[in-house]
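Please read the structure below before turning to the comments.
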Amino acid sequence: MFAVLKTGGKQYKVQSGDVLRVEKLAAEAGETVQFNEILMLDGQVGAPIVDGAAVQATVIDQIKGDKVIHFVKRRRKHGSQRTKGHRQQLTLLRVTEILASGGAETGVKAAIGAGSVAGAPVAEPKAAKAPKAAEAAAPSAGDDLKKLPGVGPAMEKKLHEAGVTRFAQIAAWTDEQVAAMDTRLGLKGKIVNDGWVALAKDLAGKA
């Protein structure tokens with residue numbers, strides 16, 4: 001009896017006693033694993049797999065394939081070249097049994113790729129993050145600096161990052177502080193031209 005199984009995106013035709021190399025499985029040497037994706041069993045073709053069929057195999061060892069050299073050379077402009085080597089991780093198996101039916105009831109560990117989602121450890125759930133809508137609804141400390149000429153949400157954010165949150169702070173700026181803030185925020189004289197300091201004094205009194 002022979003079977004055609006699928007694992008790691010490849011198909012293998014096997015018989016009992018065959019030794020084969022497949023892409024690395026999440027299993028240790030000596031373990032028995034079971035392949036459940038059987039595409040063909042003797043003359044029976046699956047649709048797409050043969051119901052109840054399975055192939056069991058014993059893991060002999062985890063090995064590496066032959067080294068493959070990958071060389072890339074680019075001739076355009078300055079030119080570059082790179083050489084990379086790769087050895088594929090493989091699992092060496094010996095087929096022990098081919099089951100025509102009852103594969104789902106054997107209880108043998110399924111052959112799962114070491115890099116698959118199913119074989120990966122389950123990550124701890126992250127703490128739930130507060131919805132952005134709730135964050136936006138939270139009251140922000142400070143005055144509404146957008147009342148100043150030319151100040152939108154982006155400029156208000158820059159002012160907050162510079163530690164300016166209230167009109168009283170702006171009203172107390174000296175000429176040196178105005179020049180320093182103008183340079184820091186790249187306002188090109190907007191603070192003086194738009195009269196921020198005088199308007200901030202008025203707004204601070206109304207707050």
Side-chain angles (χ1 to χ4, degrees), residues 1-138 157 161:
M1 180 184 292
F2 74 88
V4 176
L5 61 88
K6 181 180 179 182
T7 179
K10 300 180 179 66
Q11 299 176 14
Y12 302 86
K13 181 180 178 181
V14 299
Q15 292 180 309
S16 183
D18 285 354
V19 175
L20 68 153
R21 302 189 306 172
V22 300
E23 289 196 19
K24 188 175 181 180
L25 301 176
E28 301 293 333
E31 278 191 273
T32 298
V33 294
Q34 179 171 295
F35 297 93
N36 296 312
E37 282 192 88
I38 310 303
L39 307 179
M40 180 182 290
L41 187 66
D42 280 346
Q44 183 181 358
V45 179
I49 62 174
V50 180
D51 291 336
V55 172
Q56 294 181 0
T58 301
V59 177
I60 300 173
D61 198 5
Q62 299 286 4
I63 61 175
K64 287 186 177 181
D66 297 332
K67 181 176 283 188
V68 177
I69 303 297
H70 179 63
F71 178 73
V72 177
K73 184 171 184 178
R74 298 180 179 87
R75 294 183 174 85
R76 298 288 186 271
K77 287 196 174 180
H78 306 293
S80 66
Q81 62 185 38
R82 180 176 61 191
T83 302
K84 295 174 69 175
H86 173 71
R87 293 185 68 185
Q88 180 67 42
Q89 302 231 359
L90 303 170
T91 298
L92 191 64
L93 302 162
R94 176 175 282 107
V95 177
T96 56
E97 192 172 358
I98 297 176
L99 305 175
S101 61
E105 289 82 34
T106 61
V108 177
K109 175 181 177 179
I112 299 172
S116 68
V117 175
V122 178
E124 290 292 330
K126 293 183 179 179
K129 193 174 181 181
K132 290 187 177 180
E135 292 176 4
K157 182 179 179 182
E161 290 172 352

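Being a predicted model, the structure only gives us computed values, none of them experimental. Nothing fancy with the numbering, it's 1 onward along the sequence. Both backbone and side-chain heavy atoms feed into the values below; hydrogens, waters and symmetry mates do not.
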Checking F35 against V95 for the side-chain contact (heavy atoms from CB on, under 4.5 Å) test, could you report, in this order, the C-alpha distance in whole Å, the side-chain angles of both residues, the deciding distance, and whether it holds? CA-CA 10 Å; F35 297 93; V95 177; over 6 Å; no
Nearest heavy-atom neighbours spanning P48 and L39: O-CD2, 3.6 Å
Pairing residues for E97 by the side chain to side chain donor-acceptor pair (under 3.5 Å) criterion, not counting sequence neighbours: none
Spacing of D42 atom CG and I98 atom CD1 [to the nearest 0.5 Å]: 8.0 Å
Above 12 or not: heavy atoms from other molecules or residues under 6.0 Å from CD of E28? no
I49 side chain near I38 side chain, heavy-atom distance below 4.5 Å: no
Report all side-chain donor-acceptor pairs from residues 6-16 shorter than 3.5 Å, counting only partners two or more places apart or in another chain.
{"residue": "K10", "atom": "NZ", "partner": "E23", "partner atom": "OE2", "Å": "2.6"}
{"residue": "S16", "atom": "OG", "partner": "T96", "partner atom": "O", "Å": "3.3"}

Give, for atom CE of M1 and atom CG of L99, the distance between the pair rounded to the nearest 0.5 Å. 9.0 Å
Q44 side chain to L41 main-chain N or O, any donor-acceptor pair under 3.5 Å? no
Looking only at heavy atoms, the pair that brings A54 and G103 closest together is CB-CA, 3.9 Å
Does anything in residues 51-66 form a side-chain hydrogen bond (donor to acceptor under 3.5 Å, both in side chains)? List the pairs, not counting sequence neighbours. Q34-Q56, Q62-T91
So for atom CZ, which belongs to R94, do other residues, nucleotides or ligands contribute more than 12 heavy atoms lying within a distance under 6.0 Å? no
For V33 and A27, which heavy atoms make the closest approach, and how far apart are they? CG1-CB, 3.9 Å
